[in-house]
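One structure is given here, and the rest of the page talks about it.
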Amino acid sequence: MNVDRPFRRLAAALAAAAFASSGVALAQKTQLTVYTALETDQLKAYQEGFNKAHPDIEITWVRDSTGVITAKLLAEKANPKADVVMGVAATSMGVFDAEGMLQPYAPQGLARIASQYRDPKNPPAWVGMDVWGATICFNTVEAAKRGIPKPETWKDLTKPIYKGQIVMPHPASSGTGFFDVTAWLQIFGETEGWKFMDGLHENIAQYMHSGSRPCAAAANGEYVVGISFEYRANREKAQGKPIELVFPKEGLGWDLEAIGIHKGTKNAAAAQKLMDWAASDAAMALYAKNFAIVAVPSLSQPLPNVPANYGALLAKNDFAWAAKNRDAILAEWSKRYESKAAPK
């Protein structure tokens, strides 16, 4: 008689039971579809942070630039596929709210969120995560080669010496591009704002379909000036690229990365857990590694290359006005400037 055989059978039975148990556990994970415009290199840290708190929820990210995600969500309005919208501009959230696409929810710790960084309704349709704002990425090496001075203001960029040396985000594709345009209209007034953009257009080489790409192009020496945002500029500079961050004196366009629950989700409990986490101290600490201002101001941290008075540089921004007039602004912009848009 082989006495090992019963033990082998027992071991096999235990292994099979363990495998079946793990399969049940895996099957019980809630699948949460999250539409986002967060930078790809941020997603891993945010997902790991959330999964530490909620290992039973698995996120499937649908990621693209702000304008593309906004258009996709609007197109799917009658047959929504997203459970949560996260890391998308507050101006887009305003559009979704007006279309009845968001399920109001007050996350845990809502009282800590600064009033200017959340939907004012109670409960709010969306809650802010962090501020991202305009920055000029200026390639010092290429500028020296071409005899081009560092700009100090937005209006400097309309000078003939910058002709063909500037790239910026396309506002229909990029949230960064859209907040640039709406900021110029609010800083200068609508008449002077369009006049400024007419002058800037003369010097633009290309409108790119990403908020990051203009900074990367400038950092790589393809152009001298890339209108972008501070997170990407800091990432490029940290990699040793020869750029300076310029914060134009007239004021900086900006928006909030925000989160909201899509109305009609079949995973409401899991969606609420993600929103609770997104408003938590742990999440704010992760955002603060990337952005100088987070939605709980006391948890903001200084960032390299970003001035200490960064908040004071942000232009006054009427999110409701920008959301209400989004289509009209983009139509007018396209009529004037689409000729220099990069191929999609």
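Position 1 is the first residue of the sequence; numbering continues from there.
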Shared hydrophobic cluster, I227 / L245 (ILVMFWY, side-chain heavy atoms < 4.5 Å): no

Q108 atom CD, neighbour heavy-atom count above 12 within 6.0 Å: no

Value rounded to 0.5 Å, distance of OG1 in T33 from CD in E58: 10.0 Å

Verdict with supporting geometry, T265 and V84, side-chain contact (heavy atoms from CB on, under 4.5 Å): CA-CA 8 Å; T265 175; V84 176; over 6 Å; no

Residues that Q47 engages under side-chain contact (heavy atoms from CB on, under 4.5 Å), provided they are two or more places apart: N51, I59, W61

Cluster companions of M208 among Ile, Leu, Val, Met, Phe, Trp, Tyr (side-chain spacing under 4.5 Å): V167, Y223

side-chain hydrogen bond (donor to acceptor under 3.5 Å, both in side chains) involving K241 - partner list, sequence neighbours excluded: N220, E236

Close side-chain approach of W321 and I329, heavy atoms under 4.5 Å: yes

Connected via hydrophobic side-chain network under 4.5 Å: I136 and I243: no

N-O pairing of E332 and R336 below 4.0 Å: yes

K81 side chain near V62 side chain, heavy-atom distance below 4.5 Å: no

Pair K263-M101, side-chain contact (heavy atoms from CB on, under 4.5 Å): steps then yes or no: CA-CA 5 Å; K263 185 173 284 186; M101 295 166 58; 5.7 Å; no

Pairs flagged by disulfide (SG to SG under 2.5 Å) wherever residues 33-141 is involved - sequence neighbours left out: C137-C215

For T91, side-chain hydrogen bond (donor to acceptor under 3.5 Å, both in side chains) partners two or more places apart: D255

Considering all heavy atoms, the nearest W254-A315 contact: NE1-O, 2.6 Å

Cluster companions of W132 among Ile, Leu, Val, Met, Phe, Trp, Tyr (side-chain spacing under 4.5 Å): F179, F229, Y231, F291

A278 to M284 - nearest heavy-atom pair and separation: O-CE, 3.7 Å

Residues K340, H201; criterion side-chain contact (heavy atoms from CB on, under 4.5 Å); working and verdict: CA-CA 8 Å; K340 291 187 178 180; H201 180 69; 3.6 Å; yes

Short side-chain to backbone donor-acceptor contact, H262 and V85, under 3.5 Å: no

I69 and T36, any side-chain heavy atoms less than 4.5 Å apart: no

F196 and W154 aromatic ring geometry - parallel, tilted or perpendicular at 30°/60° bounds: perpendicular

Ionic contact status for K155 with E250, cut-off 4.0 Å: no

Same apolar cluster (I L V M F W Y, side chains within < 4.5 Å links), F247/L157: no

Could you go through residues 292-307 and list every donor-acceptor pair under 3.5 Å that involves a side-chain atom there, pairing it with any protein atom two or more places apart or in another chain?
unit_1 : atom_1 : unit_2 : atom_2 : d
S300   : OG     : V294   : N      : 3.0
S300   : OG     : P297   : O      : 3.2
N305   : ND2    : N234   : OD1    : 2.7

Which residues share a side-chain contact (heavy atoms from CB on, under 4.5 Å) with E142, sequence neighbours left out: N139, K145, R146, V224

Student check: side-chain heavy atoms of L185 and M197 closer than 4.5 Å: yes

Residue list, side-chain contact (heavy atoms from CB on, under 4.5 Å) with P104, at least two apart or on another chain: P123

Side chains of L252 and Y310 in contact at under 4.5 Å (non-hydrogen atoms): yes

Donor-acceptor contact present, side-chain D83 to main-chain V34, <3.5 Å: no

Interatomic distance, Y162 atom OH to D156 atom CG [nearest 0.5 angstrom]: 5.5 Å

T60 backbone acceptor or donor facing Q31 side chain under 3.5 Å: no

F96 and T70: CA distance, side-chain angles, deciding distance, side-chain contact (heavy atoms from CB on, under 4.5 Å) verdict: CA-CA 8 Å; F96 304 147; T70 301; 3.9 Å; yes

Flag for Y105-D276: side-chain donor and acceptor within less than 3.5 Å: yes

Atom pair OG1/CG of T40 and D64 - distance to nearest 0.5 Å: 9.0 Å

Residue pair I259 / M275: nearest heavy atoms and the distance that separates them: O-CE, 3.6 Å

Rounded distance [0.5 Å steps], CE in M168 versus OH in Y207: 6.5 Å

Closest contact, heavy atoms only, T176 versus S228: CG2-O, 3.6 Å

Minimum side-chain heavy-atom gap D130-N290 below 4.5 Å: no

Salt bridge flag under 4.0 Å for residues E244 and K237: no

K249 side-chain N/O to E152 backbone N/O, donor-acceptor pair under 3.5 Å: no

Results of salt bridge (charged side-chain N to carboxylate O under 4.0 Å, His left out) for E99 - residues two or more places apart only: K77

Under 3.5 Å donor-acceptor, T140 side chain and P242 backbone: yes

Test item: N203 side-chain N/O and K159 main-chain N/O as donor-acceptor pair under 3.5 Å: yes

From CG (L38) to CE (M86), nearest 0.5 Å: 6.0 Å

D56 side chain to Q28 side chain, donor-acceptor N/O pair below 3.5 angstrom: no

Taking every non-hydrogen atom, the tightest pair across A279 and R112: O-NH1, 2.8 Å

Connected via hydrophobic side-chain network under 4.5 Å: I187 and W194: yes

Pair D198 + K195, salt bridge at N-O below 4.0 Å: no

Qualifying residues under side-chain hydrogen bond (donor to acceptor under 3.5 Å, both in side chains), relative to R235, sequence neighbours excluded: D41

Backbone of G67 reached by a side-chain donor or acceptor of S65 within 3.5 Å: no

Minimum side-chain heavy-atom gap M93-F319 below 4.5 Å: no

By side-chain contact (heavy atoms from CB on, under 4.5 Å) - contacts of A125 (at least two apart): D97, L102, D119, K121

Considering all heavy atoms, the nearest T135-A233 contact: CG2-CB, 4.2 Å

Validation row: T66, F178 side chains within 4.5 angstrom (heavy atoms): no

Euclidean distance, Q272 CD relative to L274 CG, rounded to 0.5 Å: 11.0 Å

same_hphob_cluster(L43, V88) at 4.5 Å side-chain heavy-atom cutoff: yes

